[in-house]
There are 2 protein chains.
Amino acid sequence: MRILKYAILGLLYNEKLTGYDITSKFKGPLGQFWTAKHSQIYPELRKLTDEGFIQYEVVVQGTKLEKKVYEITSLGEKELSEWLEKVERDSSVNKDEFMLKTYFISAMEKEEAYDLFNDQLVKRKENLSKLQKTLSLLEEDEIPITFSSPQFGHYLVLTRAIEREKGYIVWLEKTIDLLK
Amino acid sequence: MRILKYAILGLLYNEKLTGYDITSKFKGPLGQFWTAKHSQIYPELRKLTDEGFIQYEVVVQGTKLEKKVYEITSLGEKELSEWLEKVERDSSVNKDEFMLKTYFISAMEKEEAYDLFNDQLVKRKENLSKLQKTLSLLEEDEIPITFSSPQFGHYLVLTRAIEREKGYIVWLEKTIDLLK
DNA sequence: TGCAGCATGTAACGGGTTACATGATTTA
DNA sequence: TAAATCATGTAACCCGTTACATGCTGCA
């Protein structure tokens with residue numbers, strides 16, 4: 001129920017951002033666990049502004065380009081806190097089309113399944129190395145990663161995403177062996 | 001794009017099922033990676049019937065209760081195969097509300113974060129033990145798990161779900177240690 | 001006989017994607 | 001100067017959830 005609302009409030013908790021910036025954030029590590037397209041973000045920003053959870057300032061870039069720089073209001077911070085405190089009653093299912101296909105593996109030719117699993121293995125490895133590069137960059141910064149630094153959440157999400165990919169890869173390799 | 005369509009076709013590949021049966025399937029291990037409510041399933045069954053991918057037979061249960069038992073047509077099998085062969089160009093994001101909150105951990109009180117992580121740990125452990133019980137039952141059956149037995153997909157999905165939960169739990173425990 | 005589970009549907013609404021649409025700025 | 005990127009919006013459509021609505025069957 002309107003989780004995007006909280007994602008935006010959370011992003012604005014630490015810094016002022018434009019709609020475009022928010023869209024970009026979902027292309028980084030955060031995007032491993034939540035995403036939204038700009039076509040969803042702009043109407044949501046409008047709505048949050050109307051509700052008083054955020055406000056914006058028009059900043060002129062160059063000579064003509066007007067951009068809206070959003071910041072969270074105290075009302076918005078309160079709203080964010082309430083969501084953060086609340087435990088979810090039922091964690092939503094992680095839909096995975098590849099695993100759905102796997103469930104129906106008996107309807108495939110063995111060779112076909114082999115190809116499909118190898119393709120998935122390549123993709124997962126690509127994602128893993130991308131994530132590992134991001135982690136290296138984060139660790140290079142030398143900024144100590146402590147609780148209550150905005151880096152901390154970033155770091156936790158990255159390590160979780162990396163471990164998740166590693167686990168997926170191990171399982172894929174094990175399964176590919178069974179298909180030989 | 002209409003993945004539920006293929007989920008239903010896949011389920012009907014091995015056995016004849018009613019709408020209710022299909023709904024039940026999503027409550028089992030398959031539901032770890034894909035789900036749908038009956039309110040989505042019945043209209044989809046209607047659509048697939050109109051498209052000629054499935055057909056049904058009315059069976060009377062007891063004295064009055066008429067149920068529709070669906071089976072896949074050869075056209076449906078062809079459609080299913082095409083989907084199974086095709087590699088996904090972009091694997092969809094696994095949305096995870098808990099990880100979204102984690103990204104914003106710097107906006108939480110330490111104690112609050114601690115409670116949240118412990119709650120998640122309990123939930124994940126519960127899910128893990130449920131999955132492990134299901135795996136035991138599957139292995140008790142003594143039916144050899146070979147490629148092209150419908151059990152194989154079931155087995156693969158279960159082992160993947162179990163490994164996924166284990167990885168999540170390890171990460172949660174590691175993070176809880178950091179919060180002490 | 002009462003209750004859990006079997007069985008099937010529809011309606012309203014909200015979430016999310018794809019496509020349409022436009023224009024400015026920065027950098028190679 | 002061309003291309004990539006920054007920047008913002010809308011419209012149509014599909015997917016999915018919640019809620020509404022009904023009735024039968026099997027078992028304790």
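Sequence lines set the chain letters: A, B, ... in the order given, protein chains first and strands last, and positions in each chain run from 1. Source: prediction; values computed, not measured. Atoms considered below: every heavy atom in the structure, side chains included; atoms not considered: hydrogens, waters and symmetry mates.
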Could you tell me whether B:Thr23 contacts a base, only the sugar-phosphate backbone, or nothing, with contacts defined as non-hydrogen atoms closer than 4.0 Å?
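The answer is nothing, as B:Thr23 stays clear of every strand by at least 4.0 Å.
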For B:Arg46, which contact category applies under a 4.0 Å heavy-atom criterion: base, sugar-phosphate, or nothing?
nothing
[X] side chain N/O closer than 4.0 Å to the phosphate oxygens (OP1, OP2) of [N]?
{"X": "B:Lys68", "N": "C:dG9", "result": "yes"}
{"X": "B:Lys64", "N": "D:dC24", "result": "yes"}
{"X": "A:Thr63", "N": "C:dA24", "result": "no"}
{"X": "B:Lys95", "N": "C:dG16", "result": "yes"}
{"X": "A:Gln61", "N": "D:dA7", "result": "yes"}
{"X": "B:Lys37", "N": "D:dT18", "result": "yes"}

Spacing of [X] atom [atom1] relative to [N] atom [atom2], expressed in whole Å:
{"X": "B:Glu44", "N": "D:dC14", "atom1": "CD", "atom2": "P", "value": "12 Å"}
{"X": "A:Leu65", "N": "C:dT26", "atom1": "CG", "atom2": "P", "value": "9 Å"}
{"X": "A:Phe26", "N": "C:dT17", "atom1": "CZ", "atom2": "C1'", "value": "15 Å"}
{"X": "B:Lys47", "N": "C:dG9", "atom1": "NZ", "atom2": "C1'", "value": "17 Å"}
{"X": "B:Leu17", "N": "C:dT8", "atom1": "CG", "atom2": "P", "value": "11 Å"}
{"X": "A:Lys67", "N": "D:dT5", "atom1": "NZ", "atom2": "C1'", "value": "12 Å"}
{"X": "A:Tyr42", "N": "D:dG9", "atom1": "OH", "atom2": "P", "value": "7 Å"}
{"X": "B:Lys27", "N": "C:dA7", "atom1": "NZ", "atom2": "P", "value": "12 Å"}

Between B:Tyr20 and B:Ser39, the residue closer to the 5' end of DNA chain C by nearest nucleotide is B:Tyr20
Using a strict 4.0 Å threshold on nitrogen-to-oxygen distance, state whether B:Asp177 and B:Lys180 make a salt bridge.
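B:Lys180 and B:Asp177: salt-bridged.
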Side-chain ion pair, B:Arg2 and B:Glu44, N-O less than 4.0 Å
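So B:Arg2 pairs with B:Glu44 through a salt bridge.
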Roughly how far, to the nearest 0.5 Å, is the OG1 atom of A:Thr18 from the CD1 atom of A:Ile22?
7.0 Å
Can you tell me which residue pairs pass the side chain to side chain donor-acceptor pair (under 3.5 Å) test with a partner in residues 108-121 of chain B, sequence neighbours excluded?
B:Asp119-B:Lys123
Close aromatic pair by centroid cut-off 6.0 Å: A:Phe117 and A:Phe98:
yes
Between C:dT10, C:dA19, C:dG15, spot the one nearest the side chain of A:His38, thanks.
C:dA19
